[in-house]
Amino acid sequence: MPRKKPTKATTAASALTAAEAVVATLIAHELDTVYALPGVQNDHLFEALFRSSERLRTVHTRHEQGAAYMALGAALATGKAQAYAVVPGPGLLNSAAALLTAYSMNAPVLALIGQIPAADIGRGLGHLHEIRDQAGIIERLVDHCALIRKPEQASRATALALRAMRSGRPGPAALECAIDVWGKSAPVTLQPPLPIPATKIDADALRRAAKRLGAAKRPMIICGGGAQDAAAEVTALSAMLQAPVLGYRRGRGVLDSRDPLSVTLPLGRDLWSEADVVLAVGTRLLTQLREWGIDRELAIIRIDADATAHNRLHKPAVALTGEAKPILQQLVAELPAHNAKRPSRQAEMRERQAAWRKRLEKLAPQIAFLEAIRAELPEDGIFVDEVTQVGFAARLTFPVYKPRTFLSPGYQDNLGWGFATALGAQHARPEVPVLSISGDGGFMFTANELATAMRHRIPLVTVVFNDGAFGNVRRIQQELYGNRLIGSDLVNPDFVAFAKSFGAAAARVRSPQDLRGELRRAFANRDGPSLIEVPVGAMPSPWEFIQMGKIRGA
Ligand SMILES: Cc1ncc(C[n+]2csc(CCOP(=O)(O)OP(=O)(O)O)c2C)c(N)n1
Ligand SMILES: [Mg+2]
């Protein structure tokens, strides 16, 4: 479909239901899928989805959290807006952890949420799925929400929500619509995509940033999720400044791990202690400012889409508000006029990375499995992280080559996000292999969505590391609470038989070498999902490499 130019002009009015207007507006914004779970409040919406199913696919899941996580995964893998639809009350609440995660990750996810009859909202009459102050609950989860009150408003409300999702700090939005409004029809004027305000770059601040960076002796760049669309600019700046680039969870893949200047957390902390200027791109810097510490010798230059984020913890030397890419483009253009000559830091970084790799060998079992995965996952394949031992190690050691190929849940770090999020990523990017890792604990949060993977033939490859425990919790109880184990042992199904019972391909392997072979087989099977169970023992703790404490300041 050719990209429509944003325009203020609107098309002529024709009679549409509110639901049809929303669907037509989603299509005009180039959405191609709604992840959804139906119910009576939304019957008219599904009727409209049925009628438009050639242009807007409906992918139904087995639980609302699956629908919302799939939309999140699709948004993270594509960088484009995605939508999900659920019934009110329990439907909304079932999807809420994913919506919260989308908020935390600034991911453009649109929630379409049903409502009880319009005239009775707020009256406490006990309608099906009624919940007190649904709008108030939604308001805490998103930056933009609205109730569609009549069909005439539906298209513009949708376009406004989709614009809000991409303006300022990006993130999710929600639209509510009552059971008796979705199906009402009226002459509706469809709202084409509204122009997204371009980043206005503060020229003075930009010059000051270029001067500071240009004069820096030991500059460093730290990337968060907000840098994912600025890989070329970060790469250019890193080379010009000989600045190492730290990416941990959401910032991984912005600079290719094969670049010697690309570093992860432990070495990043050492470099933070030595740096005189840090360029922070699309990151909250919470770990750095709260855990690692800061002093007057270190000047921070912040680029953040959210103007209110700059001064929350620390006043930066220079603050630039807006999308990272256009700001960094100008910085790349301005820097040569101010840039000092610096010796190459490549050899130094290679050496220091090697020294850290030696220390990280403590995580040998995790690293061996990750090496097997990296060897089989193509360069542009997507790795979806989880809150599990192999995931923690992946954040520290897994080489990532491209942006948007390492999906990690950010500060929610919510157990159980991985499998359904990965399903969404694979659904939205069918042309690349997606690999999901989970522990036995996390996998069971959304394991029911294997049915969704079968129904929609989603060729996701899932590796479940089974230690029969909430292993992370169990280890903490062993090490810090005198081995008083509570609530951390797990009784599991036979994961291979479980996956096969859905019709999925499944296998069990015990060694990294056998995992490689099975992965190759699984990636070749594009016909549907594959699960590989890896029985494992307790794994060494990664926490000494993650929570490393203060290194600067008083
Ligand atoms: C939503 C949510 N609930 C609880 C936790 C706390 N938590 C962190 S790790 C963990 C155990 C993970 O178990 P599993 O998935 O089997 O991975 P393992 O540590 O055994 O590798 C728990 C319960 C969390 N991070 N998120
Ligand atoms: Mg486990």
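Residue numbers start at 1 and run along the sequence shown. Whatever order the structure lists ligands and atoms in, that order sets their numbers, starting from 1. Computed from a predicted structure; not experimentally measured.
- Remark: at the Mg ion (ligand 2), atom OD1 from Asp440 and atom O from Ala469 enclose 100°, rounded to the nearest 10 degrees.
- Within the coordination shell of the Mg ion (ligand 2), defined by N, O or S atoms under 2.8 Å, Gly441 is absent.
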### Task
Would you check, one step at a time, whether the test side-chain hydrogen bond (donor to acceptor under 3.5 Å, both in side chains) holds for Tyr84 with Ser95?
CA-CA 9 Å; Tyr84 77 89; Ser95 78; 2.8 Å; yes
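- In this structure, Arg359 forms a cation-pi arrangement with Trp356, its terminal cationic atom sitting closer than 6.0 Å to the ring centre and no more than 45° off the ring axis.
- Residues His60 and Tyr35 place their aromatic rings such that the two centres sit no closer than 6.0 Å.
- Taking the six-membered ring where the residue is Trp, the centroids of Phe445 and Trp417 are separated by 6.0 Å or more.
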Contact table, ligand 1 N/O with protein N/O, distance under 3.5 Å:
unit_1: ligand 1; atom_1: 15 (O); unit_2: Gly441; atom_2: N; d: 3.4
unit_1: ligand 1; atom_1: 15 (O); unit_2: Gly442; atom_2: N; d: 2.8
unit_1: ligand 1; atom_1: 16 (O); unit_2: Asp440; atom_2: N; d: 3.4
unit_1: ligand 1; atom_1: 16 (O); unit_2: Asp440; atom_2: OD1; d: 2.8
unit_1: ligand 1; atom_1: 16 (O); unit_2: Gly441; atom_2: N; d: 2.8
unit_1: ligand 1; atom_1: 16 (O); unit_2: Ala469; atom_2: O; d: 2.9
unit_1: ligand 1; atom_1: 17 (O); unit_2: Thr388; atom_2: OG1; d: 3.2
unit_1: ligand 1; atom_1: 19 (O); unit_2: Gln389; atom_2: NE2; d: 2.8
unit_1: ligand 1; atom_1: 19 (O); unit_2: Gly471; atom_2: N; d: 3.4
unit_1: ligand 1; atom_1: 19 (O); unit_2: Asn472; atom_2: N; d: 2.8
unit_1: ligand 1; atom_1: 20 (O); unit_2: Asp467; atom_2: OD1; d: 3.2
unit_1: ligand 1; atom_1: 20 (O); unit_2: Asp467; atom_2: OD2; d: 3.0
unit_1: ligand 1; atom_1: 20 (O); unit_2: Ala469; atom_2: O; d: 3.0
unit_1: ligand 1; atom_1: 20 (O); unit_2: Gly471; atom_2: N; d: 2.7
unit_1: ligand 1; atom_1: 21 (O); unit_2: Thr388; atom_2: OG1; d: 2.6
unit_1: ligand 1; atom_1: 21 (O); unit_2: Gln389; atom_2: N; d: 3.1
unit_1: ligand 1; atom_1: 25 (N); unit_2: Asp413; atom_2: O; d: 3.1
unit_1: ligand 1; atom_1: 26 (N); unit_2: Leu415; atom_2: N; d: 2.9

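- Under the 4.5 Å side-chain criterion, counting only non-hydrogen atoms from C-beta, Phe369 is not in contact with Arg374.
- For Asp467, the N, O or S atom closest to the Mg ion (ligand 2) goes by the atom name OD1.
- Residues Pro433 and Arg526 meet the side-chain proximity criterion, which asks for heavy atoms closer than 4.5 Å.
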### Task
Kindly indicate, with the supporting measurements, whether the criterion ring pair (Phe, Tyr, Trp, His ring centres under 6.0 Å) is fulfilled by Phe398 and Phe383.
CA-CA 10 Å; Phe398 190 69; Phe383 179 98; 4.4 Å; yes
